[in-house]
Amino acid sequence: MSPPGLLRLAGLLLVPVLLLAGCGSEQGGASKDPGRLPDVTLDALSGDEQLALRELRGPMVINLWASWCVPCRKELPHYQAFAEKYADQVDVVGIDFQDTRPAAARALARDTGVQYPLFSDPDGKMRAIGLPKVILLDGQGRVAHEEYVEIESVGQLERLVRKHLGGSHLEAS
């Protein structure tokens with residue numbers, strides 16, 4: 001096969017892979033410690049505080065989302081309902097990933113009733129390959145589970161937390 005033909009074939013094979021990757025794009029490789037979050041500090045979406053990812057301890061649910069990601073827009077209310085139901089038991093944090101429109105992200109959070117802490121990662125320091133993504137942290141700050149998935153209900157989040165962080169964290173407030 002000629003070089004132009006090989007390039008065309010490579011392009012055809014690459015398109016489905018990119019489409020299956022979700023709303024995001026590749027941002028570097030794996031963390032130096034794959035069981036830990038990257039050693040970066042993010043600004044609050046409101047701009048008034050910062051979050052050092054390596055200092056986080058669970059049990060915690062982290063939602064990577066963006067205002068331009070359609071599945072992310074639909075799942076935010078489920079994270080908020082979970083945060084309200086399990087307040088003081090399992091923390092919920094949202095990270096607005098690779099979103100260069102903070103005003104749109106703040107408006108979406110307001111419109112969907114999100115009140116849990118939200119931070120901004122416009123440069124993709126979290127190194128995700130797609131959105132939406134959920135990350136579960138254990139009490140030592142290690143990643144117990146991470147998955148590219150649209151959360152469609154509070155029950156789905158409850159099942160993930162029970163399976164990967166233990167059921168003792170989920171007694172409704």
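When reading the values below, keep in mind they use all heavy atoms of this one structure, side chains included, and skip hydrogens, waters and symmetry mates.
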Polar side-chain atom of [X] near backbone of [Y] as donor-acceptor pair, under 3.5 Å:
X: Arg142; Y: Asp138; answer: no
X: Glu146; Y: Ile135; answer: no
X: Gln156; Y: Glu152; answer: yes
X: Arg73; Y: Trp68; answer: no
X: Asp121; Y: Met126; answer: yes
X: Gln80; Y: Gln115; answer: yes
X: Arg106; Y: Leu45; answer: yes

To the nearest 0.5 angstrom, please state how far the [atom1] atom of [X] sits from the [atom2] atom of [Y].
X: Lys74; Y: Glu150; atom1: NZ; atom2: CD; value: 4.5 Å
X: Glu75; Y: Ile151; atom1: CD; atom2: CD1; value: 6.0 Å
X: Cys72; Y: Asn63; atom1: SG; atom2: CG; value: 7.0 Å

Taking everything shown except Gln50 itself, do over 12 heavy atoms lie less than 6.0 Å from its CD?
yes
Mind checking whether [X] and [Y] have side chains closer than 4.5 Å, heavy atoms only?
X: Pro132; Y: Cys69; result: yes
X: Leu136; Y: Leu165; result: yes
X: Leu131; Y: Tyr148; result: no
X: Leu37; Y: Leu137; result: yes
X: Asp91; Y: Val61; result: no
X: Leu51; Y: Leu56; result: yes
X: Ile95; Y: Ile62; result: yes
X: Leu160; Y: His145; result: yes

Considering all heavy atoms, the nearest [X]-[Y] contact:
X: Phe97; Y: Ala66; result: O-CB, 3.5 Å
X: Arg159; Y: Ser153; result: NH2-OG, 4.3 Å
X: Leu42; Y: Phe119; result: O-CD2, 3.9 Å
X: Lys85; Y: Val154; result: CD-CG1, 4.4 Å
X: His164; Y: Ala144; result: O-CB, 3.6 Å

Margin query: Any carboxylate oxygen within less than 4.0 angstrom of a Lys/Arg side-chain nitrogen, looking at Lys133 and Glu147?
Written below: no
Arg162 meets the side-chain contact (heavy atoms from CB on, under 4.5 Å) criterion, sequence neighbours left out, with Tyr86, Glu158, Leu170
Sequence neighbours excluded, the answer for side-chain contact (heavy atoms from CB on, under 4.5 Å) partners of Lys163 is none
Q) Relative to the ring of Tyr116, is the ring of Tyr79 parallel (under 30°), tilted (30 to 60°) or perpendicular (over 60°)? A) tilted
His78 meets the ring pair (Phe, Tyr, Trp, His ring centres under 6.0 Å) criterion, sequence neighbours left out, with none
| With distance as the sole criterion, is a donor-acceptor pair present between the side chains of Ser67 and Asp99 under 3.5 Å? | yes
